[in-house]
**Student:** 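Pasting in a structure now, in C-alpha cells, and then I'll have a few things to ask.
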Protein chains: 2
Amino acid sequence: MLRLSKLTDYATVILSFMAREKTQVAAMEIAAVTGIALPTVSKILKSLVNAEVLVSTRGAKGGYALARMPEEISVATVINALEGPIALTECSISHQGCEQALGCDIGGNWSLINQTIHNALESVTLADLIRPAVLPNEVFIPVSSLYR
Amino acid sequence: MLRLSKLTDYATVILSFMAREKTQVAAMEIAAVTGIALPTVSKILKSLVNAEVLVSTRGAKGGYALARMPEEISVATVINALEGPIALTECSISHQGCEQALGCDIGGNWSLINQTIHNALESVTLADLIRPAVLPNEVFIPVSSLYR
DNA sequence: TTAAATAGGACTAGAATAGTCCAGAATTAT
DNA sequence: ATAATTCTGGACTATTCTAGTCCTATTTAA
Ligand code: FES
Ligand code: FES
C-alpha cells in the first residue's frame with residue numbers, strides 16, 4: 001500500500017500541534033492533547049530530536065520545541081527521521097549488492113522514480129501541513145479498492 | 001523507509017522479463033529465469049491477473065502474457081495490484097473514520113502529497129523500466145576509467 | 001484419459017512495527 | 001541539599017504484516 005508507518009503519521013500530528021503552539025511543550029502535554037499514549041509520544045519525540053527536527057530541554061520546566069521554522073521542516077525530513085532513508089527499492093539505497101532476483105537488471109529508472117517522490121516530499125513543509133488546506137478537490141480512489 | 005514490498009519488487013522483475021519476451025510464458029519458466037521460487041512467482045502472477053495486468057491461459061500449453069502493451073502498464077498499476085491503493089496516510093484511503101489521533105486535523109494537504117506521488121508512479125510505465133536506462137542523478141564512473 | 005497448467009485459498013514462519021517500561025541524567029523548585 | 005520534574009537510552013513484549021509454502025480444484029491439450 002506504500003504507506004507511512006503509524007509512528008510517522010503520529011509525528012506529523014505532533015509536529016503540527018507544536019508548529020501552532022510555537023512555545024516549548026512537555027511530552028505529557030502533547031500526549032494529553034493528541035490522545036497518543038505518553039510512552040509512544042516520548043519515543044517519537046526522541047527520534048525527532050536525534051534528527052535535529054526538535055530541540056529538547058531537560059529537567060523541570062523542560063520540554064520540546066521545533067529546531068527550525070515550520071517552513072524549513074520538510075515532510076521528507078520527518079519521514080527520514082522516523083523511517084530512515086526514503087527509497088522504494090533496495091538497490092536505490094545500497095546501490096550495490098542488491099541481488100533481489102537474479103534476472104533483474106532494472107536499476108536505472110527506479111532512481112528516477114525515487115528522485116521524483118523524494119522531491120515531492122521535500123517540497124512540502126510543516127507550514128504547508130498546518131495551512132488551512134489547499135484541497136485539490138477530488139481525491140482519486142481506484143474503484144477496485146472499494147471491493148476489497 | 002517508505003519502501004516497496006519485496007513482492008512488488010519481484011513483480012517488476014517478472015514483468016520486465018515478460019515485456020521483453022512478448023510471448024506467453026509459463027510460471028515455471030519465469031521461476032527458472034528469475035531465480036524466484038515457483039510458489040512465490042505463482043502468487044505474484046495471480047495477483048497480476050486479478051488486477052488485469054496479465055491474462056492467463058489454463059491447461060497444458062497455458063501460461064501468462066501481458067494484457068496490454070508495456071507502454072500502457074504503469075508502475076502505479078503494478079504497485080496497486082500487489083499492495084492495494086497507493087496512499088501514505090489512512091485518511092487518504094477511507095476519507096472518513098480516521099481517528100489516528102484526536103488532535104489531528106491535517107487531512108487536506110496530505111492528499112496533495114499523495115496525488116503528487118501517485119502521478120509520479122502513474123507516469124512511469126513498464127516500457128520505461130526496460131528501456132536501457134535514462135540514468136539521472138548519480139552515474140557510477142569506475143575510478144579506473146579516469147586515468148585513461 | 002492423462003499430463004500440464006492456472007485458480008483459489010489456507011497456512012506457517014519470520015520480520016517489522018507498535019507500544020511499553022525502566023533505570024539514569026539533567027534541571028528547577030523548595 | 002532534597003525532591004520533583006522531565007528528558008535519554010535502550011531493552012523488552014506483543015501484535016501485525018509480509019513472505020513464502022502447500023494443497024485441492026479446474027481447465028485445456030494431446
Ligand atoms: S531490485 Fe535491486 S537489482 Fe533489481
Ligand atoms: S491521520 Fe487521519 S485524520 Fe489525521
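Throughout, protein chains are lettered first and strands after them, A, B, ... in sequence-line order, and every chain is numbered starting at 1.
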**Student:** Of all the heavy-atom pairs spanning Leu121(B) and Ser74(B), show the shortest one and how long it is.
**Tutor:**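 Minimum heavy-atom contact is O-CB, 4.0 Å.
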**Student:** Is it true that the side chains of Thr57(B) and Gln24(B) contain a donor and an acceptor less than 3.5 Å apart?
**Tutor:**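 Yes, a side-chain donor-acceptor pair sits under 3.5 Å.
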**Student:** Could you check how far CE of Met18(A) sits from C1' of dC7(D), rounded to whole Å?
**Tutor:**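 Nearest whole value for this atom pair: 13 Å.
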**Student:** Angle between the end axes of the helix from dT1(C)-dA30(D) to dT30(C)-dA1(D), five pairs per end, to the nearest 10 degrees?
**Tutor:**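 Inter-axis angle at the termini of the helix from dT1(C)-dA30(D) to dT30(C)-dA1(D): 10°.
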**Student:** Nucleotide by nucleotide, 5' to 3', does protein get under 4.0 Å of the base (B), only the sugar-phosphate (S), or neither (-) in nucleotides 22-30 of chain C, counting heavy atoms?
**Tutor:** --BBBBSS-
**Student:** By nearest atom, which of the nucleotides dT20(C), dG20(D), dC7(D) is closest to the Thr40(A) side chain?
**Tutor:**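 For the Thr40(A) side chain, the nearest candidate turns out to be dT20(C).
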**Student:** Can you tell me how far CG of Asp9(A) sits from CG of Leu4(A), rounded to the nearest 0.5 angstrom?
**Tutor:**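 One finds 6.5 Å between CG of Leu4(A) and CG of Asp9(A).
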**Student:** Say whether Glu83(A) and Thr8(A), considering side chains only, have a donor N or O and an acceptor N or O under 3.5 Å apart.
**Tutor:**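 On atom types as modelled, these side chains qualify, holding a pair under 3.5 Å.
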**Student:** Which heavy-atom pair separates Glu52(A) from Arg68(A) by the least distance, and what is that distance?
**Tutor:**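 For Glu52(A) versus Arg68(A), the nearest heavy atoms are O-NH2, 3.3 Å.
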**Student:** Check the phosphate of dA18(C) against Ser5(A), side-chain N and O only, distance under 4.0 Å to OP1 or OP2. Yes or no?
**Tutor:**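 Yes, within the criterion.
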**Student:** What is the separation between atom CD1 on Ile44(B) and atom P on dG20(D), rounded to the nearest whole Å?
**Tutor:**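 Answer to the nearest Å: 8 Å.
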**Student:** In sequence, state the C-alpha distance, the side-chain angles, and the governing distance for Val55(B) and Tyr64(B), and then conclude on side-chain contact (heavy atoms from CB on, under 4.5 Å).
**Tutor:** CA-CA 6 Å; Val55(B) 289; Tyr64(B) 297 87; over 6 Å; no
**Student:** Return the residues of residues 25-32 of chain B meeting this criterion: a heavy atom under 4.0 Å from some atom of DNA chain C. Order them by number, or give none.
**Tutor:**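 Only Ala26(B), Ala27(B) qualify.
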**Student:** Please find the pair of heavy atoms, one from Ile30(A) and one from Met18(A), that lie closest to each other, and give the distance.
**Tutor:**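 Result for this residue pair: CD1-SD, 4.0 Å.
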**Student:** So which atom in Pro70(A) and which in Leu66(A) form the shortest heavy-atom distance, rounded to 0.1 Å?
**Tutor:**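 Answer, listing the atom of Pro70(A) first, then Leu66(A): CG-CD1, 4.0 Å.
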**Student:** To the nearest Å, how far apart are Asn50(A) CG and dG10(D) P?
**Tutor:**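 Atom-to-atom, Asn50(A) to dG10(D), this comes out as 9 Å.
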**Student:** Side chains of Leu45(B) and Leu54(B), heavy atoms from C-beta outward: is any pair under 4.5 Å?
**Tutor:**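 Of all side-chain heavy-atom pairs linking Leu54(B) with Leu45(B), at least one is under 4.5 Å.
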**Student:** Rounded to the nearest angstrom, tell me the gap between atom CG in Leu4(A) and atom C1' in dA18(C).
**Tutor:**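 Taking CG of Leu4(A) and C1' of dA18(C), I get 15 Å after rounding.
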**Student:** Of all the heavy-atom pairs spanning Ala11(B) and Leu82(B), show the shortest one and how long it is.
**Tutor:**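 Result for this residue pair: CB-CD2, 4.0 Å.
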**Student:** Roughly, in whole Å, what's the span from CG in Leu48(B) to C1' in dG8(C)?
**Tutor:**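 Atom-to-atom, Leu48(B) to dG8(C), this comes out as 16 Å.
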**Student:** Rounded to the nearest angstrom, tell me the gap between atom CG in Leu45(B) and atom P in dA7(C).
**Tutor:**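 That distance rounds to 8 Å.
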**Student:** Identify which one of Val53(A), Leu15(A), Val78(A), Thr77(A) satisfies the side-chain contact (heavy atoms from CB on, under 4.5 Å) criterion when paired with Leu126(A).
**Tutor:**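 Running side-chain contact (heavy atoms from CB on, under 4.5 Å) over Val53(A), Leu15(A), Val78(A), Thr77(A) with Leu126(A) returns exactly one hit, Leu15(A).
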**Student:** Would you mind reading off the distance between Lys43(B) atom NZ and dT18(D) atom P, rounded to a whole angstrom?
**Tutor:**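 It works out to 10 Å between those atoms.
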**Student:** Ala37(B) and Ala31(B): which non-hydrogen atoms are nearest, and at how many Å?
**Tutor:**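 That would be C-CB, 4.4 Å.
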**Student:** Does OP1 or OP2 of dT8(D) have a side-chain N or O of Tyr64(A) closer than 4.0 Å?
**Tutor:**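 Yes.
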**Student:** When you measure from the side chain of Ser56(B), which nucleotide among dG20(D), dC7(D), dA7(C) comes out closest?
**Tutor:**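 Of the options given, the side chain of Ser56(B) lies nearest dA7(C).
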**Student:** Within this structure, what is the NZ-to-C1' distance between Lys6(B) and dA15(C), rounded to whole angstrom?
**Tutor:**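 Going from Lys6(B) (NZ) to dA15(C) (C1'), I get 10 Å.
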